[in-house]
Number of protein chains: 2
Amino acid sequence: MSRLPGRAPTAPPTLADVAERAGVSRQTVSNAVNNPDLLRADTLERVQLAIAELGYLPNRAARNLRTRASHLVGLRINAAQEGTANATMDRFVHSLVDASREAGYHVLLFTGDPLDPLTGYDDLLRSTAVDAFVVTDTYLGNPQASWLRERRAPFVAFGRPWDNPSATHPWVDVDGAAGCELATQHLLERGHRRIAWIGWRKDSWIGEDRRSGWHRAMKSRDLPTTGLASRVEDTVASGRGASEVLLDEAQPSAFVCASDTLAMGVLHTLADRGLVAGRDIAVVGFDDSQVAQVVRPGLTSVRQPLEEVAMEVVKGLEGLLGHPPAPGRGVLLTPTLAMRGSS
Amino acid sequence: MSRLPGRAPTAPPTLADVAERAGVSRQTVSNAVNNPDLLRADTLERVQLAIAELGYLPNRAARNLRTRASHLVGLRINAAQEGTANATMDRFVHSLVDASREAGYHVLLFTGDPLDPLTGYDDLLRSTAVDAFVVTDTYLGNPQASWLRERRAPFVAFGRPWDNPSATHPWVDVDGAAGCELATQHLLERGHRRIAWIGWRKDSWIGEDRRSGWHRAMKSRDLPTTGLASRVEDTVASGRGASEVLLDEAQPSAFVCASDTLAMGVLHTLADRGLVAGRDIAVVGFDDSQVAQVVRPGLTSVRQPLEEVAMEVVKGLEGLLGHPPAPGRGVLLTPTLAMRGSS
DNA sequence: CCTGACCTTTGGATCGATCCAGGCCGCCCG
DNA sequence: CGGGCGGCCTGGATCGATCCAAAGGTCAGG
């Protein structure tokens, strides 16, 4: 064959191979791929035929080198902390990979020291391995955001810039307050009046945001909230402890929780006391995790629209990486309520 | 500055920049990075200083182009099926990303049509976007394996080549039979004699493998197994149904299940009947999922050593991609038992 | 003092794509 | 009839690294 001399027989075909087969120049083949409308119709057809016959696909490395773009987005996943919001992350990753593919991007995963939110970003950036990042762990405050902005690294955040509302980077977030308001209203419609809140410690912006939804719903009906709220760590044991205290001291008929983990704690307390979730006491969680779906009698839970989040994130990326780059602002999405036996 | 003319001020430094600063040629810098022992000590030091001062890191695209390697491994994740083995996959992905990093690889995610196990692989391969694949969904049988081998694409499988024991590709798997044997023995030690099995339908190799562990343990003590086994779909409802029938017809005092999902079904049945898991009836699941950890009273479960699996997978990759490529064979790892209240 | 082997360093070619400037051709219009 | 213009296509240069062959220097041995 008329392949260049030193190529292994299994090496994928190159532009030059296609060009030779179609009887045109390399540049014409390149145009057929990237700017088809520059070619005369019959030439285009001839080139496309050759492409198809050879099974040609542009070599990524070469294209990346020349265009200074990798078509990869980096996503840092936290070292498996075996517990909390992992399930949410998992769903998000799936959605992101899907949404990215449609925009011509692939997702590159990396990890870093959980205590240092910056590890990993720098190397990928300096070696031009990715075009942009998707930043997810903004609940820590987000040093990444300002750090990345300083280096002019394009990124989109899943999570609001809580600590800096005037930040100008694009972000997408789910309205946790609206979600908890939805949950609380749902309970109000079912006739509950003393609805307790179990959330996270006060230094969590997300936790306070979600709490505000519960608070808003209660206030809209002039219902009391004092003594009905508790703020603890995000563990099953904490949820259990908090619900015991609340049951003893405030006699709520329902609980809204900042997470499914806490809600599981409530379910444990109820079972301990011979109370039936959904009949005696209602419980609503947050995240619609696996657990919520399989636990008895099914845990009603606020479900984040992660597929939409991923789509919006990708839109943000396209804006940043497009020509010309579009600035892009924040997007806030509203969650839904997955109803099950616990309410 | 003495940068090449048309470079943007934010562009990362190149080999040429470092070379100029250190007063050596490009090749010498390249050697400093890739073959330090070729340089005289003082030259090396000077070059390394320049590298550090400029914060130089080799451009990935350029290196990839020249070396015909991307240092990326592709991992296909199934379209979110929102349920079953997802949690396991999540843990595995984390571990794989970690293990890969230490070997200098990054993980590239992609998805495909869940019904067609081949979509996605081809494009990545032809565009030389990845060096190798990690294949996980071998429970479907593995058309990928033979397909990839045909195209001389390096890959390592997580999962045995059930349908073709003579396959020569490297693989890593967890000994499900040993896991279930462990679980059964644990129950035997606790005095149980009538131990029931709830597993998957007979066409699942993994399911039959796990079942054989239970069977082996029972037979080692000459205990009967007839009437004590059930094979159903992998859903909570199926587990519930199967356990109801078994309780009525075979009076087991314990259940070993092929998955945590099925075990959850058993827990539901017990609760329905006012029986207490762990006190009245023991239950053991498989996968040590999130659910097993938070459900009441804690579900004893077989835990796959996914961190080790990932390390072995990466070893396999290094073997395949090394010089010279090492053939590599199968590796079978033994799971452990995470004990909780249900047994 | 010369030769050859060895150690260190160098310049040019190369990977496979895209950018850029320019060439060819046919057509319109002065 | 000739210049100009737009449509289509081409060859050379380029992205930033590594491969390769060979140059310059040092040193031992003849």
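Chain letters run A, B, ... following the sequence lines, proteins first and then strands; every chain starts at 1.
Aromatic ring pairs are classed by plane angle as parallel below 30°, tilted from 30° to 60° and perpendicular above 60°; the pair A:Phe155 and A:His169 is tilted. Classified by interplanar angle (parallel below 30°, tilted 30° to 60°, perpendicular above 60°), the ring pair A:Tyr121/A:Phe133 is perpendicular.
Among the protein residues, B:Arg60 comes within range of no part of the nucleic acid, since none of its heavy atoms lies under 4.0 Å from any strand. Counting non-hydrogen atoms under 4.0 angstrom, A:Asn34 reaches the backbone sugars and phosphates but no base.
Where A:Asp42 and A:Arg26 meet DNA chain D, the nucleotide closest to each residue was compared, and A:Asp42 sits on the side nearer the 5' end.
One can place CG of B:Leu15 at 19 Å from P of C:dT14, the figure rounded to the nearest angstrom. Rounded to an integer number of Å, the gap from A:Arg40 CZ to C:dC24 C1' is 12 Å. Atom C1' of nucleotide D:dG16 and atom CD of B:Glu20 are separated by 15 Å, given to the nearest angstrom. Taking atom CG on B:Asn35 and atom C1' on C:dT9, their separation rounds to 14 Å, with Å as the unit. Taking atom CG of A:Asp37 as the reference point, atom P of D:dG6 lies 17 Å away to the nearest angstrom. Atom CG of B:Leu44 is separated from atom C1' of C:dT9 by 14 Å (rounded to the nearest Å). Remark: C1' of C:dC15 and CG of B:Leu65 are 4 Å apart, rounded to the nearest angstrom.
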Checklist entry - Please walk me through it: do A:Arg76 and A:Thr136 pass side chain to side chain donor-acceptor pair (under 3.5 Å)? => result CA-CA 8 Å; A:Arg76 180 176 144 152; A:Thr136 60; over 6 Å; no
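The side chain of B:Gln27 sits closest to C:dG12 out of D:dT14, C:dG12, C:dG16.
Dashed line: the shortest gap from a side-chain N or O of B:Arg68 to OP1 or OP2 of C:dG16 is under 4.0 Å. Phosphate proximity of C:dG16 to A:Arg63: absent, as no side-chain N or O sits under 4.0 Å from OP1 or OP2. For B:Thr67, no side-chain nitrogen or oxygen approaches OP1 or OP2 of D:dT18 to under 4.0 Å. At C:dT9, one or more side-chain N or O atoms of B:Thr43 fall inside 4.0 Å of OP1 or OP2 (strictly under the cut-off). Regarding contacts with the backbone of C:dT10, a side-chain N or O of B:Thr28 is found under 4.0 angstrom from either OP1 or OP2. B:Ser25 has a side-chain polar atom (N or O) that falls below the 4.0 Å cut-off from OP1 or OP2 of C:dT10.
The backbone N or O of B:Asp113 lies less than 3.5 Å from a partner atom in the side chain of B:Thr119, making a donor-acceptor pair.
Of the charged side-chain nitrogens involved, at least one lies within less than 4.0 Å of a carboxylate oxygen, so that A:Lys315 and A:Glu312 count as a salt-bridged pair.
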